[in-house]
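Just so you know, these numbers come straight off a predicted model, no measurement behind them.
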Amino acid sequence: MSLHLDAEALYGELLTGVRGLLEPDAVLVGVWSGGAWLAERLQRDLGLALPHGVISSTLHRDDFSSRGLGSTTDATNLPFSVDGRPIVLIDDVLYTGRTTRAVINELFDFGRPSSVRLAVLVDRGGRQLPIQAAFAAARIALPATQQIALDRDETGRFRFTVRDTQETR
């Protein structure tokens with residue numbers, strides 16, 4: 001299956017969608033790593049006064065025993081108080097919903113936001129949990145044997161890579 005998604009064009013759609021989700025005092029929190037790249041660029045392009053945060057799913061994953069800590073244990077950085085604040089959670093790809101569940105659990109370890117809204121670059125379906133994005137720049141269907149990932153080049157431009165997951169087995 002050949003899939004071509006223009007990540008830069010979809011970023012433009014995400015920028016517009018996130019602008020519509022922002023409330024007063026809202027902050028962006030990007031999911032490590034693709035979501036963090038997006039949140040960093042969105043924060044700059046939207047001219048938001050507060051810095052964006054970064055959150056890792058590592059410590060709250062339901063497959064922690066098989067995956068271990070990995071290299072993202074220090075990825076969570078929330079340079080603001082979460083309590084009572086609207087959060088716009090940014091991720092690159094929404095698939096099963098398990099990463100989103102894990103980062104929401106991590107977020108609540110830091111306080112109780114007034115709301116959490118999810119914006120993603122790509123929703124690929126295949127949900128295993130009742131998680132829905134408030135905004136998705138694209139909705140696609142991929143076989144379970146394929147994985148889509150966001151990458152960025154040395155200039156910060158986004159691109160997608162699609163690969164068969166059977167290659168890693």
Side-chain angles (χ1 to χ4, degrees), residues 7 10-11 14 18 21 26-44 48 50-137 140 142 144-154 156 158-169:
L10 290 178
Y11 172 79
L14 183 66
V18 168
L21 295 177
V27 291
L28 303 179
V29 175
V31 177
W32 181 264
S33 65
W37 299 336
L38 291 165
E40 176 184 20
R41 190 158 152 196
L42 285 164
Q43 192 272 332
R44 185 181 64 239
L48 300 178
L50 288 175
H52 72 284
V54 176
I55 196 155
S56 170
S57 66
T58 301
L59 296 177
H60 290 280
R61 291 201 57 101
D62 56 11
D63 57 356
F64 179 82
S65 61
S66 64
R67 290 175 61 130
L69 283 175
S71 62
T72 63
T73 57
D74 61 351
T76 295
N77 177 24
L78 301 172
F80 43 75
S81 173
V82 169
D83 284 321
R85 186 179 299 279
I87 304 289
V88 179
L89 189 62
I90 307 293
D91 206 356
D92 53 353
V93 178
L94 176 58
Y95 182 31
T96 64
R98 293 184 181 282
T99 297
T100 304
R101 181 210 51 85
V103 298
I104 289 172
N105 285 349
E106 174 82 359
L107 186 63
F108 275 79
D109 283 350
F110 288 85
R112 185 174 183 200
S114 63
S115 65
V116 179
R117 300 182 81 190
L118 176 64
V120 299
L121 203 55
V122 173
D123 180 343
R124 66 167 286 179
R127 219 74 77 240
Q128 296 173 356
L129 297 172
I131 304 285
Q132 185 66 34
F135 181 84
I140 63 169
L142 279 181
T145 58
Q146 287 190 321
Q147 182 179 40
I148 184 170
L150 186 67
D151 196 6
R152 64 180 177 174
D153 65 20
E154 60 281 347
F158 297 123
R159 65 178 176 259
F160 288 109
T161 56
V162 178
R163 66 181 176 91
D164 289 325
T165 56
Q166 295 165 333
E167 293 174 3
T168 61
R169 291 184 184 159

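The shortest heavy-atom contact between Ala39 and Leu28 is O-CD1, 3.9 Å. Shortest non-hydrogen contact noted between Pro86 and Ser114 is N-OG, 3.2 Å. Nearest heavy-atom pair across Val103 and Ser57 is CG1-CB, 3.6 Å. The shortest non-hydrogen separation linking Ala36 to His52 is O-NE2, 4.1 Å. Across every non-hydrogen atom of Gly97 and Leu129, the tightest pair is O-CD1, 3.7 Å. Gly53 and Pro79 get closest at one heavy-atom pair: CA-CD, 3.9 Å.
Under the side chain to side chain contact (heavy atoms under 4.5 Å, CB included) criterion, Pro130 pairs with no residue at all, not counting sequence neighbours. The ring pair (Phe, Tyr, Trp, His ring centres under 6.0 Å) check on Tyr11 picks up Phe158, with sequence neighbours excluded. Remark: Asp151 pairs with Arg159 by the salt bridge (Lys or Arg N to Asp or Glu O under 4.0 Å) rule, at least two apart or across chains. Among residues two or more places apart in sequence or in another chain, the side chain to side chain contact (heavy atoms under 4.5 Å, CB included) test is passed with Arg44 by Arg41. For Ser81, the side chain to side chain contact (heavy atoms under 4.5 Å, CB included) criterion is met by Asp83, not counting sequence neighbours. Looking at residues two or more places apart in sequence or on another chain, you find a side chain to side chain donor-acceptor pair (under 3.5 Å) between Asp109 and His60. Under the side chain to side chain contact (heavy atoms under 4.5 Å, CB included) criterion, Arg127 pairs with Leu94, Asp123, Ile131, Gln132, sequence neighbours left out. Shown here are the salt bridge (Lys or Arg N to Asp or Glu O under 4.0 Å) partners of Glu106, two or more places apart in sequence or in another chain: there are none. Among residues two or more places apart in sequence or in another chain, the side chain to side chain donor-acceptor pair (under 3.5 Å) test is passed with Gln43 by none.
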Inset, instruction - Evaluate side chain to side chain contact (heavy atoms under 4.5 Å, CB included) for Phe80 paired with Val29, printing each intermediate quantity in order. - result: CA-CA 11 Å; Phe80 43 75; Val29 175; 3.8 Å; yes
Legend entry - CA sep, side-chain torsions, deciding dist, call: Val122, Asp92, side chain to side chain contact (heavy atoms under 4.5 Å, CB included): CA-CA 6 Å; Val122 173; Asp92 53 353; over 6 Å; no
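Residues Arg117 and Leu89 fail the side-chain proximity criterion, which asks for heavy atoms closer than 4.5 Å. Contact of the Ile87 side chain with the Val27 side chain is registered, since non-hydrogen atoms from C-beta on lie closer than 4.5 Å. Looking at heavy atoms from C-beta onward, Thr99 lies out of side-chain contact with Trp32 at the 4.5 angstrom threshold. Taking the side chain as every heavy atom from C-beta outward, Ile55 and Leu107 approach each other to under 4.5 Å. For the pair Leu150 and Leu38, the minimum side-chain heavy-atom distance is below 4.5 Å. Counting only heavy atoms from C-beta outward, the side chains of Val120 and Val93 never approach each other to under 4.5 Å. Thr161 is not listed as a side-chain neighbour of Ile148, based on a closest heavy-atom distance of 4.5 Å or more. Using a 4.5 Å heavy-atom cutoff, the side chains of Leu10 and Phe160 are in contact.
Here the CZ-CD1 distance, from Arg124 to Ile140, works out to 6.5 Å after rounding to the nearest 0.5 Å.
The closest donor-acceptor contact from the side chain of Thr96 to the backbone of Gln128 lies at 3.5 Å or more, if one exists at all. No side-chain donor-acceptor contact under 3.5 Å links Ser56 to the backbone of Thr76.
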